[in-house]
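Note that ligands are numbered from 1 as they come in the structure, with each ligand's atoms numbered from 1 the same way.
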Amino acid sequence: MRLDRFLAEAGLGSRREVKKLILKGRVTVNGRRVRDPAYRVRPGEEVTLDGEPVPTPQGPRYFLLYKPRGYVTSTRDPHPTVMEFFRDVPRAERLFPVGRLDRDAEGLLLVTDDGELAHRLLHPRYRVPRVYRVRVRGEFPEEKLRAFEEGFVLDGRRTLPARARILERGEEDTLLEITLFEGRHHQIKRMFRALGFEVIGLKRVRFGPLELGHLRPGEFRKLSPEEIQRLKLTTASARRPR
Ligand code: URA
């Protein structure tokens with residue numbers, strides 16, 4: 001990590017402020033004065049400011065939240081937001097949700113402070129799969145499933161081919177599983193509306209390699225190191241546009 005970033009992440013000021021400290025010669029690395037803000041701090045090196053050790057800033061954090069219905073996927077809103085669940089997490093103000101679920105939708109939401117990975121995961125070029133359980137009113141006919149593979153024109157652009165299958169037929173509704181490879185505004189609802197169906201329940205159960213699993217609404221957990229690794233690989237292996 002660059003020295004200026006190291007100091008900023010340790011909470012010693014903005015990047016601009018800490019650069020000044022470095023240029024003034026107030027910072028040492030392993031006992032040597034360093035005046036280059038771009039100096040690469042390696043793990044284990046000891047950084048001091050005015051002779052005082054600077055604690056190593058923590059790396060990015062990754063949480064998986066079961067977003068309940070009724071919460072807005074945003075960091076700021078007049079309505080309750082998903083960030084309310086993270087109130088007691090240190091440096092919660094740095095966290096943000098990756099992508100969006102509608103206020104009346106529920107399920108898996110990744111929350112992190114890793115802006116770079118978030119940006120990649122959301123980029124349509126990486127085709128990160130998002131799996132939804134969708135309940136629609138009425139009986140959904142098998143032959144209409146094809147429409148998801150063919151795509152829909154939304155806002156003048158065709159959607160990427162999606163996967164769709166029927167999971168359950170009820171008396172008054174149908175439960176489907178839809179897999180999208182991009183995330184457009186109200187995408188599922190608009191696709192079904194185009195086919196003449198109303199979505200009455202929407203839950204995301206998978207995002208890339210992450211599964212909602214046994215979390216309950218409002219619960220969150222840290223991702224395991226393996227999950228973080230797999231998330232990173234999701235965007236590393238699909239770097240070439242397909
Ligand atoms: N599609 C929708 O319509 N809403 C969501 O929240 C997610 C996908």
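In this view, Phe192 and Phe140, Phe148 satisfy the ring pair (Phe, Tyr, Trp, His ring centres under 6.0 Å) rule, not counting sequence neighbours. For Tyr66, there are no ring pair (Phe, Tyr, Trp, His ring centres under 6.0 Å) partners two or more places apart in sequence or in a different chain.
Among protein residues, Leu101, Asp102, Ala105, Tyr132, His186, Gln187, Ile188, Lys189, Leu202 come within 4.0 Å of ligand 1, judged on heavy atoms.
Using a 4.0 Å cut-off between a side-chain N of Lys or Arg and a carboxylate O of Asp or Glu, Arg15 and Asp4 qualify as a salt bridge. Ion pair Arg221/Glu227 flagged as a salt bridge, since at least one NZ, NE, NH1 or NH2 atom sits closer than 4.0 Å to an Asp/Glu carboxylate oxygen.
Not less than 6.0 angstrom separates the ring centroid of Phe220 from the ring centroid of Phe85.
Within the hydrophobic cluster formed by Ile, Leu, Val, Met, Phe, Trp and Tyr side chains joined at under 4.5 Å, directly or through other members, Leu167 is accompanied by Leu175.
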